[in-house]
J.: 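Following this message is one structure expressed as structure tokens.
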Amino acid sequence: MCGIVGYIGNRNAYPIIIKGLQRLEYRGYDSAGVALYDDGNINVSRTPGKVDDLRAIAASEMTLDGTLGIGHTRWATHGEPNKRNAHPHLSNSGDLVIIHNGIIENYESIKKELIQRGYVFHSDTDTEVLVNLIEEVKKKENVKLGKAVQIALNQVIGAYAIAVFDRTKPDEIVVAKLGSPLAIGIGEDEFFIASDASPFIEYTNNAVYLEDEEMAIIRRGKEIKLRKIKDDRVAYPMVQELQLNLEAIEKNGFEHFMLKEIYEQPHAIRDTFRGRLRADQGLVKMAGVDQHLERFRNANRIIIVACGTSWHAGLVAEYIFEDLARIPVEVEYASEFRYRNPVITDKDVVIAISQSGETADTLAAIKLAKSHGAFVFGVCNVVGSSIARETDAGAYTHAGPEIGVASTKAFTTQITVLTLLALKLAKEAGTISESHFRNMLTEIEAIPGKVERVLESNPEVEHIARAYKDSTNCLYLGRGYNFPVALEGALKLKEISYIHAEGYPAAEMKHGPIALIDEHMPVFVIATRKGHYEKVVSNIQEIKSRKGKIIAVVTEGDEQVRELADHVVEIPETSECLSPLLTTIPLQLLSYHIAVMRGCNVDQPRNLAKSVTVE
Ligand code: M6R
């Protein structure tokens, strides 16, 4: 859950590293650091805080010259996010320097042994232990850096993406990966190293993604050499052409990535169903499903595993799968599933949902399901991510890079893919009529245009946000398909504005949360015409009679709720099961505006990181 960047070539490494770290700040932003090789020295600058803080102090702390360097932006696991724990870390001799994303689980026992051999530690991190272990192996075995890294990594338990170089061999960087992502950009006589390709996209379109348990020795101006960490076998680099463009990873005039990503949803949803949906021919084509139709056909049940927003998309999918395809579905937090000894059989289909494709708990849940013979289907956004590679088959959401920590377009594109899958399985199983099926396809095609219309309500939503920005608690209510949207609305508000919020099925309110309602409690209610409308109206009346403030998301033209509510935001009419794609938009905008008005860091909320690669 950190970002790593490295460079070796002919250019000045510092600006490449700093800009790269800024693009990776979505991965962590507790502290940052850089190490540059220059004229026989390794110069290091580190600081708590963001990459901007590093930029502000680096020039006063060291020379910024050098064509070899590494940098790191951290989300703290071991040790406080202070200067001494910030990466890069030097070995005791000062010759080796390392950056690390991941966790070395057995670092304490290794540290004890190293201390007995005279090593001194200046931080609380597992990473400093690793660099000294490499140094110890290098000295003891009298081997080169690459070999020392390999031997050391065979002694550690945990996850890592590392880059390390040696002051006495400044034409080489060694990198290795297990569990955390690592991409190598291949330029002309130069190489870039990063947690994803965004730091080097303006320099090269060619990249190699290391597989788990692979390491690479990267020499200035030479070819990269890949090896398997376990048995030293040579591996062959598969150079991939990057699809990423610079525009997709910049703000393009928006004040925050989150707002940009909210506004990208019409486009992202269209990209996600493009090529998969043929409303005119009544067809849904999904290669990852078509090739494994038998597994889906024979499935006793579907188990969905995910975390956070992706778990909410899974809940929406549960309703759709059961409603349309009549397949029993269970939705599990990956973090619970992996540890609770669940019953899994080879007749189960497990669907793992993850924007980043790197979430540690989801990855572990997949491994567990596979070990019981289940067929695992992935729904990921990041191409080539660990989850995409670990699953038996899958379908990408084509949302484009999501950089704001709060998931927005990932949620709506996940629902889009899962709806297509449900429709496909329903058609296969004959549980949906041809006319219903075709209507649904036509309706999906209309969704991007309808999302655009919802986005037009942004000024109104901003006005509502102003009225509730100082609230300390909020309730979100929805029923049926929109119950998960209530959960998602509450999560968005919590994570970026630090206001306590709870999502509930509207009918559950009277079993407890109603006690909280008074004139200070804003209640956001999703009250679309097709979703148990009358029941939700009754819930609204119950809130009103207890003086709660009601902010309702309603279908265009609704008069009944407008009369009862303090504020309404309208969405266009759509089928009930597609309504989450529209109802979630005003809630995203609302959280965004409230967070901005409260002066919160919208794209980088405190204590969070975009991909949670630790347990
Ligand atoms: O990358 P993933 O979809 O696996 O991430 C799962 C959660 O960490 C993520 O959705 C998180 O809850 C977001 N910050 C929510 O906005």
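In each ligand, atom 1 is the first atom listed, and ligand 1 is the first ligand listed. Below, each value reflects all heavy atoms present in this structure, side chains not excepted, and no hydrogens, waters or symmetry copies.
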J.: I'd like the residue list for ligand 1, meaning every protein residue with a non-hydrogen atom under 4.0 Å from the ligand.
T.: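 These residues qualify: Cys307, Gly308, Thr309, Ser310, Ser354, Gln355, Ser356, Thr359, Val405, Ala406, Ser407, Leu491, Lys492, Glu495, Val612.
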
J.: If you take all heavy atoms of Leu210 and Val175, which pair is closest and at what distance?
T.: CD1-CG2, 4.0 Å

J.: Kindly indicate, with the supporting measurements, whether the criterion salt bridge (charged side-chain N to carboxylate O under 4.0 Å, His left out) is fulfilled by Glu570 and Arg453.
T.: CA-CA 9 Å; Glu570 292 190 340; Arg453 278 164 58 198; over 6 Å; no

J.: Is the shortest distance from a Lys or Arg side-chain nitrogen in Glu202 or Lys19 to a carboxylate oxygen in the other one below 4.0 Å?
T.: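 Salt bridge: yes.
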
J.: Would Asp290 and Lys424 count as a salt bridge (charged side-chain N to carboxylate O under 4.0 Å, His left out) here? Give the steps.
T.: CA-CA 9 Å; Asp290 293 324; Lys424 191 168 177 62; 2.7 Å; yes

J.: Is the shortest side-chain N to carboxylate O distance from Asp196 to Arg23 below 4.0 Å?
T.: no

J.: Could you check, using the six-membered ring where one of them is a Trp, whether Tyr504 and Phe483 have ring centers closer than 6.0 angstrom?
T.: no

